[in-house]
Amino acid sequence: MQAQGQPFDPETMNAVMHVDDENFGESEVAQVFQAGFRLGEKVVRHAIVQVAN
């Protein structure tokens, strides 16, 4: 799954950190700590991410 720079989606991502940074939009993924995976339409592993603003 592509997460970097995407809007935060709680169905496929797990936010573990928050950062205030004017270079990112509202609820945009700023950093990916662990990639997420899908098998077909099912989420096998949620992406572990840092969310901005």
Side-chain angles (χ1 to χ4, degrees):
M1 279 186 261
Q2 175 64 17
Q4 183 74 34
Q6 300 296 315
F8 176 70
D9 178 11
E11 298 295 322
T12 60
M13 301 173 192
N14 184 14
V16 295
M17 293 180 73
H18 177 268
V19 64
D20 287 322
D21 190 336
E22 43 191 63
N23 295 321
F24 294 101
E26 187 69 26
S27 297
E28 184 178 336
V29 175
Q31 187 174 4
V32 177
F33 298 115
Q34 184 175 23
F37 294 99
R38 289 182 194 237
L39 184 59
E41 290 297 314
K42 183 176 179 170
V43 177
V44 177
R45 180 172 74 186
H46 288 74
I48 309 295
V49 300
Q50 178 185 43
V51 180
N53 305 324

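- Through side-chain heavy atoms spaced under 4.5 Å, either directly or across other Ile, Leu, Val, Met, Phe, Trp or Tyr residues, Val43 is tied to Met1.
- No continuous path of hydrophobic side-chain contacts links Phe24 to Phe8 [ILVMFWY only; heavy atoms under 4.5 Å].
- A donor-acceptor pair under 3.5 Å is formed between the side chain of Gln4 and the backbone N or O of Ala30.
- Pairs passing the side chain to side chain donor-acceptor pair (under 3.5 Å) check and including a residue from residues 34-53, sequence neighbours excluded, do not occur.
- Closest approach of Ala3 and Val32 over heavy atoms only: CB-CG2, 3.8 Å.
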For residues 11-22, which side-chain donor-acceptor pairs fall under 3.5 Å, sequence neighbours excluded?
{"unit_1": "Thr12", "atom_1": "OG1", "unit_2": "Asp9", "atom_2": "OD2", "d": "3.3"}
{"unit_1": "Asp21", "atom_1": "OD1", "unit_2": "Asn23", "atom_2": "N", "d": "2.9"}
{"unit_1": "Asp21", "atom_1": "OD1", "unit_2": "Asn23", "atom_2": "ND2", "d": "3.2"}

